[in-house]
Amino acid sequence: MKYSKLLIPTLKETPSEAEAVSHILMLRGGYVRQLAAGLYVYMPLFLRVMKKINKIIRQEMDSIGAQEVSMPVLHPAEVWQKTGRWYDIKDEMFRLKDRTGRDMCLAMTHEEIMTWLASREIRSYRDLPQMWYQIQTKLRDEARPKSGILRTREFIMKDSYSFDADTDGLNKSYELHAEAYKRIYGRCGLKFYVVESDPGMMGGATAHEYMAPSAAGEDAAAICPACGYAANVELAESVSQSVELADTAFEDVFTPEKRTVEEVSAFLGLKAYNFIKTLVLVAKEGSVLALIRGDQELHEKKTERIIGDFRHARKDEIEGIVGVEAGFIGPVGHKIRIIADNTLKSGTYVSGANKKDYHVRGLKPGLHFAAGYYDLHMAHENDGCPLCGKPLTIEKVIEIGNIFKLGTKYSEALSAVYLDKDGVEKPIVMGSYGIGPARIAASAIEQNHDENGIIWPVSIAPFSVVILPLNVNDAASQQAAEDIYSSLAANSVEVLLDDRDERAGIKFKDADLIGIPLQVVIGSKGLKENVVEIKIRKSKESLKVAPERVLETVMDLIKN
RNA sequence: CGGGGCGUAGCGCAGUCUGGUUAGCGCACCUGCCUUGGGAGCAGGGGGCCGGAGGUUCGAAUCCUCUCGCCCCGACCA
């Protein structure tokens, strides 16, 4: 393609609304433009990237036997009502009525519709297993679109669904996806982790997420470099760092107007980890006390798994529940349920004395109070790995894909059943699997850029090579550029010719910014000595070769 | 949905506190000359309902009220 014919509106300055590196570079490189919050126009260059990513995805999905379909993005409400998600999901679903007043919604995902199809077309165990996928638009009325293309209200997703006769079948389909996903991200040039994840509203049992480490990520993963343990911090377990706990006598101490862990620890000359924080929670079952070591935070998701939906007690409720105001609550002598973090099973601590202006020290779990012990704390950097005990690292990550074992939640709700060998009707066992192609692109930029711009992995670059004839007025340069262009194009190399009447500096800056992996630089002086340069964007290496050797050199370089 | 910030030319910004000629700067854009290996130089030029509505005032980008939009933090996130 000729640069002069393409819409590549690069920007010298950074638009003020962008913060994430990938967002800035996509805007500056002319890859995307914003229509409204969470709505983006994909410009020609970006579409080329997306097509390459989608091609890789299709190849890998096809290779595990998945079949591509295409589903509507406008859905009748009934299907969603049958699974209950019409009611469970709130503002995040775009809803509308058609002209007859019938309730409709826009597709947030396609479990319902895929299962609807299965319910109509699958009758027998002989029809199973099946895997169906699509690369289709999803719409979600996000509370907070952000980070450019990373969280948008309309986006494309590769979503696939597996239909099996039993759990063994599901496990096989799940495994096929897990492996295909690794190949996809690997081919896209990404660094990524596979982490255990929380199935959340998908309502399944087992789930994994594929995470690309990046400062722009909204999620965090706990990673053990030693043994490979990897989990979303939403559920990551960890062994708290062990600390010095002084064994003192069990006694009240006067702590006037000292309420927070910070205040009391400063007052008593102790560390935060010497304390037990006592939190009052209000759950469906009633009030619950949650105990957590002073240097840690209560992990709300973990807590929810134990006591169900809950909220923190309001200030004005606390005294009614535990008989003392916030700041002086301790675990001793309450009748309500007490849950405590595993870390607190042993040791000697300070906590509230359940009377105003007093704390108690020398407090020993088991001796002075009883509690149910669970993993309740947020995993921290350098906590011990739950598997091997070595220190964990916490990394910010972008979720680029996920896989869920759904089970029969959707098939039962929508009567997607089959007859087994014995003629018994059974619900189909399902899995669902998603990939965000635009997030792959954004992650690739996050992981591959420098101060000058994007450095695309060759596999997903919009062009493999850009030819830069530096002097448009020099006929020899022009001719050489054209010749090289033709020879590359004839060999199916995706090549961009910067034929614009621009100064050398502008061409270099734009080529670097848009991130084409290889630059063929043609200068009139070099050409007189029968030399052009092949510059490698990533390493900044420059190879001087004769024009007639450009083709083979380039072919060689893009293979690696 | 809670908290914070910002809307002035295509982009980046100043001016707003303390109201007062014709609203300004850099980049981009157009014309000409010049230049051609890292976003050149000179000269000339076009482009603004100062987010919108209402109000205060002799007079509003500037003060007041309402409203819309965008960004950031949090909640939320199949």
Side-chain angles (χ1 to χ4, degrees), chain A residues 9-20 23-24 27-28 30 33-39 75 80 83-86 88-94 105-114 138-148 150-153 155 157 159 161 197-204 207 209 216 218-219 232 234 300-301 311-312 399 401-404 406 409-410 432-436 451-453 468-474 477-478 498 500-513 519 521-527 531-533 535 540 542 544:
Chain A
T10 56
L11 305 172
K12 197 185 288 187
E13 285 173 294
T14 302
S16 58
E17 75 262 19
E19 195 128 307
H23 189 197
I24 290 171
L27 288 170
R28 287 197 51 214
R33 288 294 182 258
Q34 184 181 39
L35 171 66
L39 297 174
H75 301 168
W80 287 81
T83 63
R85 289 211 286 186
W86 176 264
D88 296 342
I89 298 170
K90 298 172 72 192
D91 295 340
E92 207 172 328
M93 180 184 269
F94 282 110
C105 64
L106 301 181
M108 298 179 61
T109 173
H110 282 84
E111 277 79 16
E112 274 77 1
I113 313 306
M114 286 278 182
K138 313 283 184 229
L139 295 121
R140 295 178 191 174
D141 196 355
E142 288 286 347
R144 181 144 104 84
K146 58 184 281 201
S147 306
L150 283 177
R151 179 164 292 276
T152 54
R153 293 192 291 178
F155 60 99
M157 179 186 265
D159 49 322
Y161 305 82
S197 79
D198 180 357
M201 93 180 238
M202 296 295 297
E209 287 164 329
E218 312 180 73
D219 290 296
N232 193 314
E234 302 275 286
E300 307 215 333
K301 286 256 162 73
R311 61 176 174 81
H312 288 270
E399 182 186 351
N402 52 40
I403 55 180
F404 292 97
L406 292 178
K409 171 177 171 168
Y410 296 92
S432 94
Y433 317 87
I435 289 181
E451 64 284 0
N452 295 314
L468 307 176
L470 297 184
N471 185 345
V472 255
N473 299 319
D474 177 44
S477 296
Q478 287 297 95
D498 192 346
R500 296 174 302 166
D501 182 8
E502 292 288 1
R503 303 170 59 81
I506 290 178
K507 293 190 178 188
F508 282 129
K509 289 290 184 192
D510 278 340
D512 286 350
L513 177 59
Q519 303 173 0
V521 181
I522 302 174
S524 39
K525 282 175 211 144
L527 202 55
V531 167
V532 301
E533 279 170 64
K535 274 168 88 171
K540 296 184 166 131
S542 180
K544 290 189 175 11

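A note on names: the letters A, B, ... follow the listed sequences, proteins ahead of strands, and every chain is numbered from 1. Only a predicted model underlies this, so the values are computations on that prediction, with no experimental measurement involved.
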Next item on the list: Please measure how far the C1' atom in B:C33 lies from the corresponding atom in B:A40, and state the result in whole Å.
Entry: 14 Å

Checklist line | Whole-Å C1' distance, B:U35 and B:G48 | finding: 33 Å

Item checked: Given B:A75, B:C77, B:G37, the nucleotide with the shortest approach to the side chain of A:Ala143 -> B:A75

Check: With a non-hydrogen cut-off below 4.0 angstrom, is A:Glu218 in contact with a base, only sugar-phosphate, or nothing?
Finding: nothing

Notebook entry, point to check: Pick the nucleotide of RNA chain B nearest each of A:Lys12 and A:Gly148; which residue has the one closer to the 5' end?
Noted result: A:Lys12

Next item on the list: State whether the distance check finds a donor on one side and an acceptor on the other, under 3.5 Å, for side chain A:Arg500 versus base B:G39.
Entry: no

Check: What are the two closest non-hydrogen atoms of A:Asn232 and A:Glu209, and how far apart are they?
Finding: ND2-OE1, 2.8 Å

Check: How is A:Asn473 classified with respect to the nucleic acid when contacts are heavy atoms under 4.0 Å: base, sugar-phosphate, or nothing?
Finding: base

Next item on the list: Sort out the partner of B:G2 for me: Watson-Crick or G-U wobble, both distances under 3.5 Å, none otherwise.
Entry: B:C73

Notebook entry, point to check: Rounded to the nearest 0.5 Å, how far apart are OG1 of A:Thr10 and CG of A:Leu513?
Noted result: 6.0 Å

Margin query: Regarding B:G12, can its base be found pairing with the side chain of A:Glu17 as donor and acceptor, where the two atoms are less than 3.5 Å apart?
Written below: no

Check: At under 4.0 Å between heavy atoms, what does A:Ser524 touch on the DNA or RNA strands: base, sugar-phosphate, or nothing?
Finding: nothing

Notebook entry, point to check: What integer number of Å spans the C1' atoms of B:U16 and B:A23?
Noted result: 12 Å

Check: Can you list the steps and then say if A:Arg500 with A:Asp510 is a side chain to side chain contact (heavy atoms under 4.5 Å, CB included)?
Finding: CA-CA 11 Å; A:Arg500 296 174 302 166; A:Asp510 278 340; 3.1 Å; yes

Note to self: I'd like to know if A:Glu13 reaches the base of B:G26 with its side chain, counting only an N/O donor and acceptor under 3.5 Å.
What the structure shows: yes

Margin query: Counting the atoms with a prime plus P, OP1 and OP2 as sugar-phosphate, which does A:Ala18 contact under 4.0 Å by heavy atoms, base, sugar-phosphate, or nothing?
Written below: nothing

Next item on the list: Nearest whole angstrom, please: distance from the P of B:G69 to the CZ of A:Arg153.
Entry: 9 Å

Note to self: Heavy atoms from C-beta onward define the side chain here; which of B:C70, B:C1, B:G39 lies closest to that of A:Ala37?
What the structure shows: B:C70

Check: Tell me: CG of A:Asp219 to P of B:G74, nearest whole Å?
Finding: 12 Å

Check: Pick one: which of A:Thr152, A:Thr109, A:Asp159 meets side-chain hydrogen bond (donor to acceptor under 3.5 Å, both in side chains) with A:Lys138?
Finding: A:Asp159

Check: NA contact type, A:Asp512, heavy-atom cut-off 4.0 Å: base, sugar-phosphate, or nothing?
Finding: base

Next item on the list: Under a 3.5 Å limit for both distances, which nucleotide forms a Watson-Crick or G-U wobble pair with B:G48, could you say?
Entry: none

Note to self: Base, sugar-phosphate or nothing for A:Arg28? Non-hydrogen atoms, less than 4.0 Å.
What the structure shows: base

Check: Base, sugar-phosphate alone, or nothing: which one does A:Glu300 contact when heavy atoms must sit under 4.0 Å apart?
Finding: nothing

Check: Using atom P of each nucleotide, how far apart are B:G7 and B:C50 to the nearest Å?
Finding: 15 Å

Notebook entry, point to check: What integer distance in Å separates A:Ile24:CD1 from B:C71:P?
Noted result: 14 Å

Next item on the list: Hey, could you give me the CZ/CG distance between A:Arg33 and A:Leu11, rounded to the nearest 0.5 Å?
Entry: 4.5 Å

Next item on the list: Quick one: label A:Asp510 by what it contacts on the DNA or RNA (base, sugar-phosphate, nothing), any heavy atom closer than 4.0 Å.
Entry: base

Margin query: Check A:Arg151 with A:Glu92, please: is the shortest side-chain N to carboxylate O separation under 4.0 Å?
Written below: no

Next item on the list: Mind calculating the distance between CG (A:Leu27) and P (B:G10) to the nearest angstrom?
Entry: 17 Å

Check: Just to confirm, is there a sub-4.0 Å distance from OP1 or OP2 of B:C73 to any side-chain nitrogen or oxygen of A:Arg144?
Finding: yes

Check: Rounded to whole angstrom units, what separation is found between the NE2 atom of A:His23 and the C1' atom of B:C71?
Finding: 10 Å

Check: With a 4.0 Å cut-off on heavy atoms, is A:Lys138 in touch with a base, just the backbone sugar-phosphate, or nothing at all?
Finding: nothing

Next item on the list: For nucleotides B:C49 and B:G24, find the distance between their P atoms and express it as a whole number of Å.
Entry: 15 Å

Next item on the list: Return the value, rounded to whole Å, for the distance between atom CD1 of A:Ile506 and atom C1' of B:G39.
Entry: 5 Å

Notebook entry, point to check: Which pair of non-hydrogen atoms, one from A:Lys507 and one from A:Asp498, has the smallest distance, and what is that distance?
Noted result: NZ-O, 3.0 Å

Item checked: Distance-only donor-acceptor check, side chains A:Gln34 and A:His23, under 3.5 Å -> no

Checklist line | Closest-nucleotide 5' rank along RNA chain B - winner of A:Asn402 and A:Glu19 | finding: A:Glu19

Check: Any side-chain N or O of A:Ser16 under 4.0 Å from OP1/OP2 of B:C13?
Finding: yes

Check: B:U36 and B:G10: how far apart are their C1' atoms, nearest whole angstrom?
Finding: 27 Å

Margin query: Distance check needed: B:C1 P versus A:Asp141 CG, whole Å only.
Written below: 10 Å

Item checked: Rounded P spacing from B:G55 to B:G45 in Å -> 40 Å

Item checked: Pair assignment for B:C33, Watson-Crick or G-U wobble, requiring both distances under 3.5 Å -> B:G41

Notebook entry, point to check: Looking only at heavy atoms, which two atoms of A:Arg85 and A:Met93 are closest? And how far apart?
Noted result: O-CE, 4.4 Å

Margin query: For the P atoms, the ones on B:G15 and on B:G59, what distance do you get once it is rounded to whole angstrom?
Written below: 26 Å

Notebook entry, point to check: Looking at B:U36, B:G37, B:C77, which one has an atom nearest to any side-chain atom of A:Arg503?
Noted result: B:U36

Check: Does any donor-acceptor pair link the side chain of A:Asn471 with the base of B:G37 at a separation under 3.5 Å?
Finding: no

Margin query: Under a 3.5 Å cut-off for both contacts, is B:U18 paired Watson-Crick or G-U wobble with anything, and if yes, with which nucleotide?
Written below: none

Note to self: Return the pairing partner of B:U62 with a 3.5 Å limit on both distances, Watson-Crick or G-U wobble; otherwise return none.
What the structure shows: none

Check: Reckon A:Thr152 touches a base, only the sugar-phosphate, or nothing at all at heavy-atom distances under 4.0 Å?
Finding: nothing

Checklist line | Nearest-angstrom distance from the residue atom CG of A:Leu139 to P of B:C77 | finding: 19 Å

